[in-house]
Amino acid sequence: MRLLTNVLKYKFELIIGFIVLLVFMMSGSVFSGYHLMDNHWVLGIDKGIKNDGIFSTLYNYLKDDISGGRFRTYYILRIVVETYILGPNFVLISFLILFEAIFYTILFYRVALLLKFEHLSAFFFALFIIIGEQSISVIMLGSQESRGLCLLALLMYFSVKSSTITVKKNIFKTLFFILTILCSQAKESFVLIIPAAVFFHIWIYSENQKISFLSSIRKNLILLIGIFILIITELILFKLLIKNEFGYIGFGWNGFSINRFLLNYTILFSKTSTWLVILLYLTYKIDQNSKKILIHNLRIAVIFVALLTIPEVYLYMRTYIWERYLIPSTVGIAFINFYIFDSIIKNHKVKFTRPDYIKFVIALLFSGFIFGFSLNLLNSKIIIDHLLKFSISLTGVDLLARRWDLFENYIFRFITILPSIIITFLLIINLLRKRFVSIVLLISLILITFLLNLFLVWHEGKRFADEGFAINGLMKNISEITNPTDGIVLIGNKDLLELPQSMKIALNYTFKRSNVVYLTLYPYDNEILRRDINEIMKNPETKAKINNAKVIVTFPLMDEIFSDTNNKLLKPKCTLIFNSPLGYKTYIQP
C-alpha cells in the first residue's frame, strides 16, 4: 500500500515519462539504425578512438569544429564520450537520447512546480517544450539541441532551488554557473540564452526572497560578474579562433531585414501554439487585484521570453526557424502560455454549463472534420501541385521542382495547425460577442492541440524510421552484390552533399567497401545539370571511375542523369536492381 502511495505521489512524472517513451517507441525511430544526416560523425569518431585514442580524437574534432566556424566544445565532448562508451551502436545511442529527453521533460515539470505552478499547468508546460515539430531534436541522433535542452532544464532547476533554500545555497549557485558555461558550449543558439538565463535567475530570486529586482542583482553580484567574464571570454574566443563564418546562421551577417525578422517570428509563433497566449489572456475576466498582479508578472515574463526568442530568431534569419531550431525558444513560449494559464486556473472556479458542452462538442467535431479533411488532402498530389504552383507566384521559390516526396512532411506540419487556427478564430469571434467560454473548454482545446502535436511527432518519427530502414536496406543490398574491391559510385543532390558523403563513410567503415566515390549534381535545372555532367565527363580519372564501377547508386531526384538531353552520365544498359520507396536506386553496369 505504501509503495502504491509513493507511486501515485509521482503520477504526473510517470505520465510524462510514459507519453514521451510511448510516442517515440511507437514511431520506430529508436530502432531505425544508421542515418545519413550526422551519423557519420559517430563512425569517424569511433575510428579515430581506435586508431589514435580518445584524447587525440577529442582534440582533432574540437580543432576541426572551430576551423569550420563553430564553437561547440560541450557537444563535441559529449558525442566523443558517448561513442567511446557505446561505440557505433545507433540503437543504444537512440535510447540514451530518448531517456535523456524523458529526464529533462520531467525536470522542466519539477521546475514549474518550484515556480508554484499548479500540477496541470506544470504538466502541459513541460510537454509543450518537447512535443511538437521540435521533437525532431530527439529523433535525430546528431542533434545538439536535445543535449543543450537537458543543460537548460538543469540550469533552471538549480537557479530556482538556489532562491528557495537557505542551506547550501552557494552550491546551487555554483552549479547554475557551471551549467551556464556548459549550456553556452552546446550550440550557438544556446550561447545566446545566457542573458535570458541571468534575467530568469534574478527575477526568480527576487520573487522567492520577496525583495526588489535591484536588491536581487546586489545579492547575486559575484555570480553576475562571473557570468559577465564568461560572456566576454567567449566573445574574445569567437573573434580569435573562428575565422570562417558558418553558412546557415546569422553571426556577422550584415543583411538584416526587418521584414525577414518579423516573418521568422511569425513562423516561430505559428509552430509553437502561441495562439494560446492571446486566447488565454483575452478569454477570461478576473478580479481587478488579480489582474494587476497578472499584468505586472506578465511584463516580467514577456521580457524573459523576448530574451530567449529574439536572439534565436535573428540567428536563423538565413534559413528560417523550424524543426530543431525552434529550441530553446519553445521553453519561452511554453512558459508564457502556461504562466497565464496557471494564473487563470488559480483565480477561477470550474463551471461547465450546458452551452459549454455544446461549444466543446462543436469545436471537437469541427476540429476532427478539418483534421480528417486535411489528411485526405495530403493524398491528393494534384491539389498539392496546384498549391505549390501558387506558392511560386507568392514567394518566387520553386518548391514544385523539389517534388511531393520531399515536401509531404512540411505540408503535413502546416496542416496540423489548421484546426488550432480555425478554433482560435471562432473563439475570438465568440469573445467579441462577449460570450466567455469556460475553463474546461479551454483545457479541452489545449488537449486537442497537444494530441495533434503528439500525432505530428509520431508522423515525423515514422518518416525518420522509414528513411533509416530504407538507407540500411540499400547499403546491405550494395554489400551483397559487390566485393570489397568493386567500384561504387554514389550520385547525390548538391543541396544535400552530406548524404552521399555519409553513405561513403558507412560503406567503407561498416561493409569494408573502400573503392567508393561520390558526385553531387543540381537536379532542379536541366541546363545546370547538363553543364555539370559535361564537366565531370571531361575529367578522365572521374570518367574512368564511373565507367568501371560495378554499382551506381542514385539519390532522390537524380533520375534526370539518364536523360538524353543531359548527355547521359551512365551507360545506357544499366540494370535497376533496387528501388527504395524514398527514391534511392541501385544500378548494375554491364
Side-chain angles (χ1 to χ4, degrees), residues 32-48 50-51 88 90 142 405-406 466-523 529 532-563 566-590:
S32 57
Y34 183 83
H35 285 261
L36 298 181
M37 187 64 73
D38 292 335
N39 287 185
H40 59 282
W41 273 59
V42 175
L43 300 183
I45 290 169
D46 188 61
K47 185 178 180 179
K50 287 176 180 176
N51 294 339
F90 295 101
D405 52 351
L406 288 182
D466 290 343
E467 179 188 83
F469 292 131
I471 294 298
N472 286 278
L474 171 65
M475 292 194 295
K476 184 179 179 182
N477 172 259
I478 293 169
S479 69
E480 289 172 349
I481 62 175
T482 60
N483 295 316
T485 57
D486 286 336
I488 301 169
V489 176
L490 311 176
I491 304 175
N493 189 332
K494 192 170 284 186
D495 279 352
L496 301 166
L497 56 87
E498 182 181 1
L499 304 189
Q501 178 190 27
S502 178
M503 185 178 288
K504 177 184 176 180
I505 292 170
L507 287 171
N508 178 264
Y509 187 86
T510 307
F511 299 103
K512 311 304 178 188
R513 299 298 186 265
S514 57
N515 191 10
V516 181
V517 296
Y518 71 88
L519 308 171
T520 54
L521 302 166
Y522 189 77
L529 182 61
D532 288 351
I533 290 174
N534 288 335
E535 288 297 318
I536 288 170
M537 298 309 284
K538 286 178 183 178
N539 186 318
E541 185 179 348
T542 306
K543 184 177 180 180
K545 286 181 179 179
I546 294 171
N547 291 335
N548 296 330
K550 181 177 181 180
V551 169
I552 303 288
V553 179
T554 60
F555 283 54
L557 306 183
M558 303 311 299
D559 297 338
E560 287 296 321
I561 60 175
F562 291 102
S563 169
N566 292 316
N567 299 339
K568 287 190 177 180
L569 181 63
L570 307 183
K571 293 179 181 179
K573 293 185 179 179
C574 286
T575 304
L576 176 65
I577 61 168
F578 184 89
N579 188 1
S580 159
L582 297 178
Y584 294 90
K585 299 177 182 179
T586 305
Y587 299 86
I588 287 186
Q589 291 204 115

To the nearest 0.5 Å, how far apart are [atom1] in [X] and [atom2] in [Y]?
X    : Y    : atom1 : atom2 : result
T520 : L499 : OG1   : CG    : 10.5 Å
I471 : M37  : CD1   : CE    : 10.5 Å
I577 : I588 : CD1   : CD1   : 3.5 Å
F469 : K476 : CZ    : NZ    : 13.0 Å
F555 : L519 : CZ    : CG    : 11.0 Å
Y522 : N493 : OH    : CG    : 8.5 Å

For [Y], is there any backbone N or O sitting under 3.5 Å from a side-chain donor or acceptor partner on [X]?
X    : Y    : result
K550 : N483 : no
N472 : S32  : yes
R513 : T482 : yes

For [X] versus [Y], what's the shortest heavy-atom pair and its separation?
X    : Y    : value
P500 : G492 : CG-CA, 4.2 Å
L43  : P88  : CD2-CB, 3.8 Å
S514 : N508 : CA-ND2, 3.4 Å
H35  : G33  : CD2-O, 3.1 Å

Check your understanding: With sequence neighbours left out, what residues match K494 under side chain to side chain donor-acceptor pair (under 3.5 Å)?
Key ->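 For K494, the residues satisfying side chain to side chain donor-acceptor pair (under 3.5 Å) (neighbours in sequence not counted) are D532.
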**Study point:** CD/E541: more than 12 non-hydrogen atoms of other groups inside 6.0 Å
**Key:** no
Check your understanding: Hey, mind stepping through F511 and I478 against side-chain contact (heavy atoms from CB on, under 4.5 Å) and telling me if it holds?
Key -> CA-CA 9 Å; F511 299 103; I478 293 169; over 6 Å; no
Practice item. For the pair L490 and V516, evaluate side-chain contact (heavy atoms from CB on, under 4.5 Å) and give the outcome as yes or no after the intermediate values. Key: CA-CA 8 Å; L490 311 176; V516 181; 3.9 Å; yes
Would you check if [X] and [Y] make a side-chain contact, meaning some heavy-atom pair closer than 4.5 Å?
X    : Y    : result
L521 : I491 : yes
T485 : N515 : no
L36  : Y584 : yes

Practice item. Going by the side-chain contact (heavy atoms from CB on, under 4.5 Å) test, name the single residue among N477, L507, L474, V489 that passes it with V553. Key: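 Running side-chain contact (heavy atoms from CB on, under 4.5 Å) over N477, L507, L474, V489 with V553 returns exactly one hit, L474.
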